[in-house]
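Before any comments, here is the structure.
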Amino acid sequence: LPGASDASAVAGTSEPEPAERSPAAAPGAGPESDPQREVTAPGEARYLPGEMFTASTTIQPGDVVVLDPTVAGAVKRCDAASDRNVVGVAMGPDRDGMVEVAVSAIRDVLVDATDRPIAPGDLLTTSATEGAAMQAPDAAPGTILGKALEPMASGIGTIRVLLMPR
């Protein structure tokens, strides 16, 4: 606007206006686009909180969790293949009967590739191995936890997964 002054100069601050952000800091660019991350300084990030749930069983970080049908609103470690009650992945251990669960992000997830290998891009679902995901033999609605970002040729271990329950 004609005659308008720079708001940062008037307020006595030296912070740039939002329009002056570099393209790399724009929403949707680079790691800043992860909705679970908050960038605090260049190259430094911390994860934002997940959703809090009541934990009906002992849960460890990276465990795949499902709704517990015996306790309303609570989650437990998965223990059945292709469970339609899949919720997400535990961000930390359960504490005082509560657990923080990531439902949309990139996370390290416990997986079981004993019966079939996991390749990047494979859809993952719950497995019969308690707390672990596996390659989805079919993509039945409501059973998908996310997409593998790393391979696992065989055995049980942890890989990075793009969480996107559907």
Side-chain angles (χ1 to χ4, degrees), residues 24-40 44-166:
E32 294 84 358
S33 64
D34 182 345
Q36 297 291 319
R37 278 175 48 150
E38 175 183 314
V39 175
T40 56
E44 180 182 322
R46 69 170 186 225
Y47 285 92
L48 298 176
E51 300 296 324
M52 295 302 293
F53 287 89
T54 300
S56 62
T57 61
T58 300
I59 297 173
Q60 296 299 319
D63 281 349
V64 177
V65 296
V66 296
L67 292 173
D68 185 338
T70 65
V71 183
V75 294
K76 65 177 189 158
R77 294 172 72 184
C78 72
D79 58 5
S82 301
D83 193 332
R84 290 183 187 268
N85 289 320
V86 66
V87 174
V89 174
M91 293 174 66
D94 60 288
R95 289 196 175 107
D96 299 323
M98 300 296 289
V99 65
E100 191 172 9
V101 177
V103 295
S104 172
I106 295 174
R107 291 279 183 242
D108 291 333
V109 177
L110 181 65
V111 295
D112 183 349
T114 303
D115 293 331
R116 68 178 57 84
I118 297 170
D122 283 349
L123 294 178
L124 303 178
T125 187
T126 59
S127 77
T129 301
E130 194 171 9
M134 67 177 188
Q135 181 200 50
D138 58 8
T143 65
I144 301 302
L145 171 69
K147 185 179 291 193
L149 298 178
E150 299 174 331
M152 173 72 69
S154 64
I156 297 173
T158 302
I159 63 169
R160 300 206 17 100
V161 173
L162 171 61
L163 300 178
M164 49 183 209
R166 58 182 178 124

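Residue indices begin at 1 and follow the sequence shown.
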Original post:
Quick one: OG on S104 to CE on M164, what's the gap to the nearest 0.5 Å?
Top reply: 10.0 Å

Subject >> Residue pair T125, M134: steps toward the side chain to side chain contact (heavy atoms under 4.5 Å, CB included) verdict >> reply: CA-CA 6 Å; T125 187; M134 67 177 188; 4.0 Å; yes

Original post:
Between E51 and V101, is there a donor-acceptor pair closer than 3.5 Å when you use the side chain of the first and the backbone of the second?
Top reply: no

Subject >> Pairwise distance CD1(I106) to CG(L149) - rounded to 0.5 angstrom >> reply: 5.5 Å

Subject >> I118 to E150 - nearest heavy-atom pair and separation >> reply: CG2-O, 4.2 Å

Listing, residues 135-142 side-chain donor-acceptor contacts under 3.5 Å, not counting sequence neighbours, or none:
residue : atom : partner : partner atom : Å
Q135    : OE1  : R116    : NE           : 3.2
Q135    : NE2  : D122    : OD2          : 2.9

**OP:** Nearest 0.5 Å please: distance from the CZ atom of R84 over to the CD1 atom of I144.
**Re:** 10.0 Å

Original post:
If you round to the nearest 0.5 Å, how far is CG of D112 from CG of L124?
Top reply: 11.5 Å

**OP:** Count the heavy atoms of every other residue, nucleotide or ligand shown that sit under 6.0 Å from CG of D115, and state whether that count exceeds 12.
**Re:** no

Original post:
Any side-chain donor-acceptor pair under 3.5 Å between T126 and D83?
Top reply: no

Subject >> Distance-minimising heavy-atom pair for A119 and A148 >> reply: O-CB, 3.6 Å

**OP:** To the nearest 0.5 angstrom, please state how far the CG atom of D63 sits from the NZ atom of K76.
**Re:** 12.5 Å

Original post:
Does S154 reach the main-chain N or O of A113 with its side chain, forming a donor-acceptor pair under 3.5 Å?
Top reply: no

Original post:
So do V87 and F53 actually touch side chain to side chain, heavy atoms under 4.5 Å?
Top reply: yes

**OP:** Look at the side chain of D94 and the backbone N and O of I59, then say whether any donor-acceptor pair between them is shorter than 3.5 Å.
**Re:** yes

**OP:** Side-chain contact test, heavy atoms from C-beta onward, threshold under 4.5 Å: evaluate it for L163 versus V161 and give yes or no.
**Re:** yes

**OP:** Could you tell me the separation between the CG atom of L145 and the CZ atom of R107, rounded to the nearest 0.5 Å?
**Re:** 12.5 Å

Subject >> For the student: nearest non-hydrogen atoms of S56 and A74, plus distance >> reply: CB-CB, 4.1 Å

Subject >> Heavy-atom pair with the smallest gap, counting every atom of T57 and R77 >> reply: OG1-N, 3.4 Å

**OP:** Kindly give the heavy-atom pair with the smallest separation between V99 and A90, and that separation in Å.
**Re:** CG2-CB, 4.0 Å

Original post:
Nearest heavy-atom pair of T158 and M152: which atoms, and what distance?
Top reply: N-CE, 3.8 Å

Subject >> Test item: S82 side-chain N/O and T143 main-chain N/O as donor-acceptor pair under 3.5 Å >> reply: no

Subject >> Check: V64 and L110 side chains under 4.5 Å, non-hydrogen atoms >> reply: no

